[in-house]
Every structure is written in C-alpha cells, then in structure tokens.
Amino acid sequence: MHIPNPIMGGAIAVLGAAAAYGGSLLPPVPGQQVGPNVFPVLIGLGLVACGIAIACGIGSSFEQPEEVVAAEDGSHAPAETAPPPVPYAALKTAVPPILLLFYALTVDSLGFIPTAAVMVAATCFALGGTVRTAIGLAILAPPAVHLVFGKLLRVPLPAGLLPMPW
C-alpha cells in the first residue's frame, strides 16, 4: 500500500506538533538550564519540519524513474528486472540485536566512547558504508554525543577505559 507523500508528511507533522506541545508542558527543573522539556520540543519541531518537507515533495526527485521498454506489439511496459542480490542480507538483520547485546555487556567495563565507536562503525558497515565513512563516524560521533549528554546535560556516562580529559 502506497500512502501519498502529502498525507504521510501531514501525519508526521501532526505527530511532531503533538510531541512538541507535550514537551512544552513538562515543568522545568529548578537550577538547570536545559530541562526535560527541551528534547521533546526539539524532536517535535524536527518532525514538523520533516513532515512539511515530505508533504511538499522535497527530496522526492531522488527517486529513480521507472524504466520502460517497448514490447513486440509496440506497446510500452515497465521493465521487469529483479533486484540485485544483497550480500549478507541475513547478517544485516542480526546486526541491531547483536549491537544492543554488545553495548549492554561492555559499556560499563569499556566505557561509552569505545563501545559507541564500535556500534557506529558496525552500523555504518551494515548499512553499506565505506571504511572511510565508518572510521570517520566512529571517531567523531561518540565524543560529540559525550559532550552533549555528559557535559551539557550532565547525564552520567560510563568512563571505562578511556575517561575523557575534559
């Protein structure tokens, strides 16, 4: 079943508006600059923006046009081509639960940074990313998340083997 982009985008925008409204109702915590209401509001506003983009068709030009071939009788019909085989497709479906198990078992001993780096690299490979992309994301993403959650929001993250110097 194919849902038209304006309907799907509208539904996502309504969901985002509801999340932003619900987040705005959460009371701030005295003495904290960033309270529990900030992330639901930001995520809700992001959903509204994405829903509007989908409803307006932004990004739909990246869809591949359907290939049409001429039949023997002169009529035109869509080309019937089988999708290329996906190597290791079964392994790709096993990656998320394996990574969650890995995280749960190792985050306290290894720490957040190395565990998250392994998870980011493995996810990038599972999604078909290159080695260069996986290594770049594995080096940049975990310290950035640590800065946001550990320092800005003061969420305690396990230090493990590599305590961050800041």
Side-chain angles (χ1 to χ4, degrees), residues 1-3 5 7-20 22-23 26 34-66 81-166:
M1 178 177 161
H2 176 72
I3 300 173
N5 285 350
I7 293 173
M8 182 56 72
I12 292 172
V14 168
L15 176 68
L26 293 172
V34 178
N37 58 348
V38 172
F39 276 119
V41 170
L42 290 177
I43 290 171
L45 293 175
L47 280 173
V48 169
C50 289
I52 291 171
I54 290 170
C56 294
I58 296 173
S60 62
S61 63
F62 295 111
E63 295 175 6
Q64 296 292 328
E66 192 172 291
T81 58
V86 178
Y88 310 110
L91 181 63
K92 287 183 180 183
T93 59
V95 168
I98 290 171
L99 286 176
L100 288 175
L101 183 62
F102 168 76
Y103 183 81
L105 294 175
T106 61
V107 71
D108 287 330
S109 58
L110 292 178
F112 174 77
I113 300 288
T115 308
V118 170
M119 290 181 65
V120 168
T123 303
C124 188
F125 284 132
L127 294 175
T130 63
V131 174
R132 187 176 185 179
T133 304
I135 291 173
L137 286 175
I139 290 171
L140 296 176
V145 171
H146 185 272
L147 282 173
V148 170
F149 284 95
K151 296 304 172 187
L152 178 66
L153 299 176
R154 293 186 174 86
V155 175
L157 297 172
L161 298 174
L162 296 174
M164 297 308 290
W166 51 77

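For reference, positions follow the sequence shown, starting with 1. Quick caveat: nothing in here was measured; it's all calculated off a predicted structure.
Of all heavy-atom pairs spanning Cys124 and Leu137, the tightest one is SG-CD1, 4.2 Å. The minimum heavy-atom distance linking His146 with Ile113 is given by the pair CB-CD1, 3.7 Å. Leu45 and Ala20 make their closest contact through N-CB, 4.3 Å (heavy atoms, listed as atom of the first residue, atom of the second, distance). Annotation for Ala117 and Pro142: closest pair N-CG, 3.5 Å, computed over non-hydrogen atoms. Listed here is the closest heavy atom pair of Ala19 and Gly44: CB-CA, 4.1 Å. Across Val120 and Ala141, no two heavy atoms sit closer than the pair CG2-CB, 4.4 Å.
Legend: side chain to side chain donor-acceptor pair (under 3.5 Å) pairs involving residues 106-124, not counting sequence neighbours: none detected. Residue pairs meeting the side chain to side chain donor-acceptor pair (under 3.5 Å) criterion with at least one member in residues 125-137, sequence neighbours excluded: Thr130-Thr133.
Taking the six-membered ring where tryptophan is involved, the planes of Phe112 and Tyr103 are perpendicular, since the angle between them exceeds 60° and thus also 30°.
One distance of note links CG of Leu105 with CG of Leu100; it measures 11.0 Å at 0.5 Å rounding.
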